[in-house]
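Read the structure below first, then the notes.
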Protein chains: 2
Amino acid sequence: MPELSERAQYLLKALTERYIREGQPVGSRTLARDAGLKLSPATIRNVISDLEEMGLVCSPHTSAGRVPTVLGYRLFVDTLLSVQPLEDSLVDDFKLSLGADTDAKDLAEIASKLLSDVTRMAGVVTLPRRDHAALQRVEFLPLSEQKVLAVLVIDDQEVRNCILQTERNYSASELQQYSSFLNEQFAGRELNEVRRRLVSELRETRENLNRMMATALEMADQVLGEAEQGSDYVLAGQTNLMEFEELCKVNTLRHLFEAFNEKRHILHLLDQCVENEGVQIFIGEESGYQMLDECSLVTAPYSVDGQVLGVLGVIGPTRMAYERVIPIVDATARILSAALNPKD
Amino acid sequence: MPELSERAQYLLKALTERYIREGQPVGSRTLARDAGLKLSPATIRNVISDLEEMGLVCSPHTSAGRVPTVLGYRLFVDTLLSVQPLEDSLVDDFKLSLGADTDAKDLAEIASKLLSDVTRMAGVVTLPRRDHAALQRVEFLPLSEQKVLAVLVIDDQEVRNCILQTERNYSASELQQYSSFLNEQFAGRELNEVRRRLVSELRETRENLNRMMATALEMADQVLGEAEQGSDYVLAGQTNLMEFEELCKVNTLRHLFEAFNEKRHILHLLDQCVENEGVQIFIGEESGYQMLDECSLVTAPYSVDGQVLGVLGVIGPTRMAYERVIPIVDATARILSAALNPKD
DNA sequence: TTTAGCACTCATTGAGTTGGAGTGCTAACA
DNA sequence: TGTTAGCACTCCAACTCAATGAGTGCTAAA
């Protein structure tokens with residue numbers, strides 16, 4: 001990519017900003033008026049023509065103004081953007097809303113709602129991964145004929161339960177034995193470590209023919225398997241996307257909403273953002289998913305104790321106010337991280 | 001409403017069926033050919049003209065054919081419809097899919113998916129109300145500083161837990177005392193009865209200054225309050241609705257999808273169907289909700305032990321194949337009922 | 001009661017027209 | 001060499017206009 005003159009950069013910025021604001025292809029005359037430079041439309045045409053050659057802008061048809069391409073947006077976002085600082089009042093609002101002492105899922109829902117409300121686009125938050133969370137305790141309770149209730153206490157905020165189908169009946173005291181055995185062994189360890197060690201221990205105890213331990217371990221294994229509720233996300237404000245001209249073709253919307261329902265693809269995309277520290281942006285086709293061709297995704301990971309637990313973000317048209325959305329997503333990720341941190 | 005001649009009825013039926021099939025206003029010529037009656041278009045025009053006077057059909061504009069009105073659909077559905085029996089293979093499929101031994105929520109999700117897949121419209125299933133379900137057991141477990149985990153075993157299939165914030169720490173044995181006290185009192189009783197009795201018992205024990213009982217009751221009260229996860233529903237196949245011409249205005253879709261997200265309205269509507277035994281149908285504006293003006297809703301309640309637990313149904317355009325949807329909804333309700341019944 | 005005939009209405013389609021916005025190119029200017 | 005004015009050109013969007021065709025209502029005859 002050849003170097004871009006100061007002026008060309010400035011004009012690309014002006015053009016992109018104008019287009020984001022107005023949604024209409026912008027022509028040389030408009031730009032001349034708008035940009036504040038003392039240049040005639042003709043001069044501007046020359047510059048813009050260079051930008052076009054570099055693939056940063058294009059015109060939808062011969063006699064229309066120019067529109068940023070994905071590449072143009074990319075350059076704009078990476079090097080030209082002047083990010084606005086966020087109003088304190090908004091941050092306070094967010095902190096308040098995410099301050100309630102509820103479980104992770106509720107927080108995710110609140111956060112996605114906040115994101116969608118403030119940006120008037122769609123907000124998305126993946127549920128926190130719990131691989132690295134510490135297992136606090138396991139409890140087994142007899143339920144009924146050949147059914148045992150297993151309760152998995154992960155931390156103060158999250159408890160999962162699942163119902164095990166067993167081969168025979170177990171008494172409460174027997175189950176108590178199992179759980180205290182397991183707690184001795186595994187309490188305080190990370191879930192994925194527990195998972196790993198379960199496998200090896202199982203093999204070992206089977207060899208040793210220790211019936212009681214084996215049963216306990218088998219149960220634990222089953223619980224972890226069940227509780228392994230594959231990663232998931234919550235979405236809010238999908239309908240906001242219907243307000244944007246450029247997405248308002250029924251077919252575009254259908255593909256988009258099908259993807260939202262299907263979840264697989266969106267999840268895969270969001271997973272890619274876990275790696276990256278800080279705000280990450282996919283513009284248009286960059287995502288690699290066709291249904292997002294006319295959309296951009298702005299994400300940021302959230303974490304607890306330096307462990308990234310998930311990702312949140314905003315989905316909207318490529319023509320979105322990045323300079324506003326970016327700080328919002330960034331701040332929300334921080335606030336959510338704080339909310340998830342054990343406060344004591 | 002004046003009596004309708006045999007012939008008029010027949011023609012209304014033919015017209016409605018044709019319109020449902022083709023989606024185009026049907027004219028007298030078409031109807032003459034289609035209906036199998038040996039009548040000229042002119043004659044048919046006379047009859048149709050009567051139907052129009054009665055408000056059963058109308059024409060979108062002067063020189064178009066006729067389309068059934070809501071009233072026309074109503075008459076069609078109530079008295080003219082020939083419901084097709086369902087293929088056994090489909091019923092078997094449904095039974096298989098709903099046979100798995102999972103919890104109520106999963107079943108509801110499967111059912112709504114089935115409904116939407118088979119009808120190519122949107123399937124909806126309310127989560128089962130648990131007011132009349134028997135409380136099997138309560139357990140309290142100490143979690144951490146001033147936090148107690150309460151587990152509510154409702155029946156073999158459903159367990160709820162919630163985390164209580166308490167004023168001081170409780171030991172495991174103390175909590176054990178509470179839960180066994182509560183289980184003695186309430187196990188086996190219906191949830192709403194438990195709720196009712198809790199209130200009065202609380203008042204009584206407070207007067208008696210029985211500290212221990214009071215605490216136990218207060219905890220139970222809190223649990224029930226928390227677990228009171230207001231009624232809810234699951235929806236599948238919303239995007240199918242985008243395939244229908246008549247709903248494909250972005251605005252219509254937006255209102256519809258907003259209603260789906262909002263849930264309140266749809267729930268209220270579905271609640272009305274609990275009363276009615278068997279299949280109930282809302283056609284177009286009959287629902288009273290504007291966003292459903294161009295939709296119909298076909299529902300049937302499902303129940304266990306004669307207790308209606310919820311409603312399921314299909315949402316689609318008014319122009320839907322009622323004769324097919326009705327038996328599908330009916331059968332699904334039966335199969336879901338069976339699946340929820342304790343099998344032992 | 002049914003039918004044929006006819007005049008009439010109205011949505012839809014496609015072709016032709018116009019106006020405006022914007023471009024690219026060229027030649028002149030600083 | 002960079003900047004500007006002028007001009008021909010392109011294309012979209014909006015509009016008009018006429019033709020088409022599906023369907024109706026009415027009337028009078030079978």
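The chains referred to below are lettered A, B, ... by the order of the sequence lines, with proteins before strands, and numbering in each begins at 1.
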Listed pairs, N/O of protein and of nucleotides 17-20 of chain D, under 3.5 Å:
none

| said: Applying salt bridge (Lys or Arg N to Asp or Glu O under 4.0 Å) as the test, list every pair that has at least one member in residues 277-293 of chain A; sequence neighbours left out. | reply: A:Arg74-A:Glu286

| task | Show your working on side-chain contact (heavy atoms from CB on, under 4.5 Å) between B:Phe244 and B:Met121 and close with a plain yes or no. | result | CA-CA 9 Å; B:Phe244 297 101; B:Met121 301 188 266; 3.8 Å; yes

| field | Name of the residue among A:Ile266, A:Leu312, A:Val311 meeting side chain to side chain contact (heavy atoms under 4.5 Å, CB included) with A:Thr126 | value | A:Val311

| Considering residues, nucleotides and ligands other than A:Gln272, do more than 12 of their heavy atoms fall under 6.0 Å from its CD? | yes

| field | Helix axis bend for the helix from C:dT1-D:dA30 to C:dA30-D:dT1 - C1'-based end axes, five pairs, 10° rounding | value | 20°

Can you check nucleotides 28-30 of chain D for protein contacts, nitrogen or oxygen pairs under 3.5 Å, and list what you find?
none

| request: Go through the structure and list residues passing side chain to side chain contact (heavy atoms under 4.5 Å, CB included) with A:Asp93, not counting sequence neighbours. | output: none

| request: Report the C-alpha separation of B:Tyr73 and B:Phe76 in whole Å, then their side-chain angles, then the decisive distance to 0.1 Å, and conclude whether the ring pair (Phe, Tyr, Trp, His ring centres under 6.0 Å) test is met. | output: CA-CA 5 Å; B:Tyr73 275 122; B:Phe76 173 73; 7.2 Å; no

| Which residue pairs satisfy the salt bridge (Lys or Arg N to Asp or Glu O under 4.0 Å) criterion with at least one member in residues 21-30 of chain A, sequence neighbours excluded? | A:Arg21-A:Asp34

| All side chain to side chain contact (heavy atoms under 4.5 Å, CB included) counterparts of B:Ala8, not counting sequence neighbours | B:Leu4, B:Ser5, B:Val47, B:Leu51

| query | Is the backbone N or O of A:Cys58 less than 3.5 Å from a side-chain atom of A:Thr69, with the two atoms forming a donor-acceptor pair by type? | reply | no

| task | Nearest whole angstrom, please: distance from the C1' of D:dT4 to the CZ of A:Arg7. | result | 12 Å

| said: At a heavy-atom distance below 4.0 Å, what parts of residues 26-46 of chain A sit against DNA chain D? | reply: A:Lys38, A:Leu39, A:Ser40, A:Ala42, A:Thr43, A:Arg45, A:Asn46

| said: Just to verify, what does B:Arg264 make a salt bridge (charged side-chain N to carboxylate O under 4.0 Å, His left out) with, not counting sequence neighbours? | reply: B:Glu262

| message | Listing request: all salt bridge (Lys or Arg N to Asp or Glu O under 4.0 Å) pairs with a residue in residues 313-330 of chain B, at least two apart in sequence or in separate chains. | response | B:Glu87-B:Arg324, B:Glu246-B:Arg319, B:Asp330-B:Arg334

| said: Please determine whether a side-chain nitrogen of the Lys or Arg among A:Lys263 and A:Glu258 lies less than 4.0 Å from a carboxylate oxygen of the Asp or Glu. | reply: no

| With a 4.0 Å cut-off on heavy atoms, is A:Glu52 in touch with a base, just the backbone sugar-phosphate, or nothing at all? | sugar-phosphate

| said: Suppose we call two aromatic rings close when their centres sit under 6.0 Å apart. Are A:Phe257 and B:Phe257 close by that rule? | reply: yes

| query | Heavy atoms, side chains only, cut-off 4.5 Å: are B:Ser112 and B:Leu235 in contact? | reply | no

| task | Report the residue (B:Ser63 or A:Pro25) whose heavy-atom-nearest nucleotide on DNA chain C is the more 5′ of the two. | result | B:Ser63

| request: For residues 48-63 of chain B, pull every pair meeting side chain to side chain donor-acceptor pair (under 3.5 Å), keeping only residues two or more places apart or in separate chains. | output: B:Glu52-B:Arg66

| task | Using the heavy-atom set of chain B and a strict 4.0 Å cut-off, write down the first and last nucleotide of DNA chain C that makes it in, 5' to 3'. | result | C:dT2 to C:dA11

